[in-house]
Visitor: 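Before I ask anything, here is the structure I am working with.
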Amino acid sequence: QVRRQAGGLIQDDAWENCDVDWVIKREVHENLDNSNADLPDGMRFEVERHGGGLPTQHYMLDVKAPSIHGGDRAGHGKAVGSLVKLHLAHGHPLHLHFTLWDLAHENQLTFEHFNIGFYDLDESKHNGHHEFVIAEPSMVARFGSGLEVEALDSGKMKFKATNFGLGEDDPVSNTGLTSAQEAKSVRLIYNNVDTFTVSVGWTNPNHGIPREVSFSLHDPLHCSDPIAAPSEGSVDEADQAAADKAEAALEALEEAQDRAEDAEKEADAAEAAQEEAEQAAAIAEKKEARAEAAQETEEEAAEKAEDKAEKQVDAAKERAENANSAKAKAEDALEAAQEKAEDKVDAAQDKAEAAQEAQEAAEEDAEDAQEEAHEATEAQDDAEAEAKKAAVALKKAEAAQEEAEQDAKAAHHEAVEAEHQTEVAVAHADQAEEIASSKESQAEAAEDKADCAEAKAEANEELRAKQKAELEHMKNQITDMLNDHPAHCDDCD
């Protein structure tokens, strides 16, 4: 007998002569796609085990799809008769996880002698795609002639459809299957496992129309069938005509579906071409943007280089102007010092001439002093020679540095040289003044006669000390000038 309960048509009490068999008694809830937030995810059925000399027992069977794809769902939202339909929207594998629980759904149990069948595994027309089931059962009870079996590297088995089929030839129950429907089914057995996974889908996913695959627990071939099959020879002419008309409609539908699939392929190709064109355009835009950015970077670099060059030129001009100004000042100072020295020399000569007569009278007394003065003069000459050598060395160093420097350093060198000439001129003037003063002291010493010799000796001693100090001062000045000379800079070019 068959009775309707909430959730669909349910088979009941038809297994008195069965071996161990399982059957769905009722659907507890259906939320395979987790679209109802008020229900637990997945499907749950109350199932019954009977036969095989075992007491009849009731359990809960959970079927979940944790990674379900958008659009996949249970076919009609309920168990239909002895079949549970699965709606596959895209063809990507739908992984179904099966677990067995006690009736209170508190304790998970182990599957023993549990068998399940999968039906309606079709192939599209023109060998476009093939529906399949992938599983790792304890045993395979049987599979239809319309399935191709492949052992995968993972140890699982793949049952792939090789016979064409459409929705019109789908079974509505696992009882009374036609030979064509039986050829597209497989029944699996699980023993001593806590859970198992079955994957359903089709090859070449995302092409073609959505399809359906169904599963069932009850196996009518191993149990007396409670629903009587129609007797042979009961088909009349009207039924035959209706069957012929249905077959013609089926062929027309197949052709329409083939055309739809061809159109879909063309649309996919056009979409792919459009995507390629859009990608090429995007790549071209990116390249153009990178080229514009590179051009802007080059222009900015050129502007910065031009600004830097202008600043360097301005700085060189400014240094040259400063050097020219320093040179002019040095020339003025040198001229003034020369004039001052000439004046002092003239004055000293006048004093020397005035004291010549007195000096002649005191020649004998002054010879020693003159000899000491001559020694002092020689020392002064030696000092001047050393100063000249130092000046020559300085000029050589400045010349070497001048060769390493460019236009800006040449200007700076001229300023340094002018300053040096000024210092030398001043030094010469001071020396001339000191010589004149020495001669004047000698004349005065000659006039002092007896006391003059001692005074001259003391004066000469002071003169030598002073000249030595001046020589040391001159050396220090030359050293300072060398030390203060600006170091060569690599980025002044």
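Being a predicted model, the structure only gives us computed values, none of them experimental.
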Visitor: In the structure I gave you, are the side-chain heavy atoms of M60 and R44 within less than 4.5 Å of one another anywhere?
Guide: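 Of all side-chain heavy-atom pairs linking R44 with M60, at least one is under 4.5 Å.
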
Visitor: State the CD-CE distance between Q477 and M474, to the nearest 0.5 angstrom.
Guide: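 That separation rounds to 7.0 Å.
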
Visitor: Where the side chain of T195 meets the backbone of T99, is there a donor-acceptor pair that is under 3.5 Å apart?
Guide: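 Side chain of T195 to backbone of T99, a donor-acceptor pair under 3.5 Å: no, none is there.
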
Visitor: If you compare all heavy atoms of L100 against all heavy atoms of T110, which two are closest, and at what distance to 0.1 Å?
Guide: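 Result for this residue pair: CD2-O, 4.0 Å.
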
Visitor: Heavy atoms only: give me the nearest S124-R211 pair and the separation to one decimal.
Guide: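 Result for this residue pair: CB-NH2, 3.5 Å.
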
Visitor: Side chains of E112 and N192: does their closest heavy-atom pair fall under 4.5 Å?
Guide: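 When only atoms from C-beta onward are counted, N192 and E112 do touch, with a gap below 4.5 Å.
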
Visitor: Without swapping roles, check the side chain of E46 against the backbone of E48 for a donor-acceptor pair under 3.5 Å.
Guide: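 No: the side chain of E46 does not pair with the backbone of E48.
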
Visitor: Please step through side chain to side chain contact (heavy atoms under 4.5 Å, CB included) for the pair L188 and F159, ending with a clear verdict.
Guide: CA-CA 11 Å; L188 311 174; F159 302 89; 4.1 Å; yes

Visitor: So do P171 and L83 actually touch side chain to side chain, heavy atoms under 4.5 Å?
Guide: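 Yes; the side chains approach each other to less than 4.5 Å.
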
Visitor: Say you draw a straight line from CG of L88 to CD1 of I209; how long is it, rounded to the nearest 0.5 Å?
Guide: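 Answer for the CG-CD1 pair, L88 versus I209, is 12.0 Å.
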
Visitor: Distance from E27 atom CD to F45 atom CZ, nearest 0.5 Å?
Guide: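 Spacing of CD (E27) from CZ (F45) equals 5.5 Å.
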
Visitor: I need the minimum non-hydrogen distance between D102 and L109, along with the two atoms involved.
Guide: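 Closest approach of D102 to L109, heavy atoms only: N-CD1, 3.8 Å.
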
Visitor: Would you sort out whether M43 and N31 count as a side chain to side chain contact (heavy atoms under 4.5 Å, CB included), showing the intermediate values?
Guide: CA-CA 6 Å; M43 296 185 290; N31 192 26; over 6 Å; no

Visitor: Side chain to side chain contact (heavy atoms under 4.5 Å, CB included) between F215 and V200: does it pass, once the steps are laid out?
Guide: CA-CA 11 Å; F215 70 86; V200 294; over 6 Å; no

Visitor: Can you find a side-chain donor-acceptor pair between N174 and S216 that sits under 3.5 Å?
Guide: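 Yes, a side-chain donor-acceptor pair sits under 3.5 Å.
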
Visitor: Given ring-ring contact (aromatic ring centres under 6.0 Å, His included), test Y190 with F111 step by step and report yes or no.
Guide: CA-CA 6 Å; Y190 290 89; F111 287 102; 7.2 Å; no

Visitor: With distance as the sole test, does R26 use its side chain to make a donor-acceptor pair with the main-chain N or O of V47 at under 3.5 Å?
Guide: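 A pair under 3.5 Å: no.
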
Visitor: If I take atom NE2 from residue H29 and atom CG from residue N36, how far apart are they, to the nearest 0.5 angstrom?
Guide: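 One finds 9.5 Å between NE2 of H29 and CG of N36.
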
Visitor: Please work out whether the ring planes of F118 and F98 are parallel, tilted or perpendicular, with thresholds of 30° and 60°.
Guide: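 Rings of F118 and F98: perpendicular, over 60°.
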
Visitor: Is it true that a side-chain atom of Q108 and a backbone atom of D194 form a donor plus acceptor pair closer than 3.5 Å?
Guide: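 A pair under 3.5 Å: yes.
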
Visitor: Should we count CD of Q57 as having more than 12 external heavy atoms under 6.0 Å?
Guide: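 Result for CD/Q57: enclosed.
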
Visitor: Step by step, would you call F114 with L61 a side chain to side chain contact (heavy atoms under 4.5 Å, CB included)?
Guide: CA-CA 11 Å; F114 185 87; L61 177 67; 4.2 Å; yes

Visitor: Rounded at 0.5 Å granularity, tell me how far OH in Y119 sits from CZ in R187.
Guide: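 Spacing of OH (Y119) from CZ (R187) equals 4.0 Å.
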
Visitor: Which atoms form the tightest heavy-atom contact between N115 and L217, and what is the distance?
Guide: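 Taking every non-hydrogen atom into account, OD1-O, 3.3 Å.
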
Visitor: Can you confirm whether the side chains of H97 and T197 place a donor and an acceptor under 3.5 Å from each other?
Guide: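 Note: H97 and T197 side chains meet the donor-acceptor criterion.
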
Visitor: Which heavy atom of K160 sits nearest a heavy atom of T203, and at what distance?
Guide: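 Minimum heavy-atom separation between K160 and T203: CD-CG2, 4.3 Å.
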
Visitor: Going by heavy atoms in the side chains, are H113 and I189 under 4.5 Å from each other?
Guide: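 Answer no - side chains too far apart.
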
Visitor: State whether the side chain of W202 and the backbone N or O of D122 hold a donor-acceptor pair below 3.5 Å, judged by distance alone.
Guide: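 Such a contact is absent between W202 side chain and D122 backbone.
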
Visitor: Report yes or no: do H92 and N206 form a side-chain donor-acceptor pair below 3.5 Å?
Guide: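 Side chains of H92 and N206: pair found under 3.5 Å.
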
Visitor: Could you pull out the closest heavy-atom pair between A135 and V198, with the gap in Å?
Guide: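 In terms of heavy atoms, the two residues are closest at CB-CG2, 4.1 Å.
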
Visitor: Nearest 0.5 angstrom please: N163 CG to Q181 CD, how far?
Guide: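 The CD atom of Q181 is 12.0 Å from CG of N163, to the nearest 0.5 Å.
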
Visitor: Using the side-chain hydrogen bond (donor to acceptor under 3.5 Å, both in side chains) rule, take H95 and S199 through it: C-alpha gap first, then chi angles, then the decisive distance, then the call.
Guide: CA-CA 4 Å; H95 305 293; S199 303; 2.6 Å; yes

Visitor: What I'd like to find out is whether the side chain of L96 reaches to under 4.5 Å of the side chain of L86, using heavy atoms alone.
Guide: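 Yes. Closest side-chain heavy atoms under 4.5 Å.
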
Visitor: Are more than 12 heavy atoms, taken from residues, nucleotides or ligands other than H105, located less than 6.0 Å from that residue's NE2 atom?
Guide: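 It does: H105 NE2 has more than 12 such atoms within range.
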
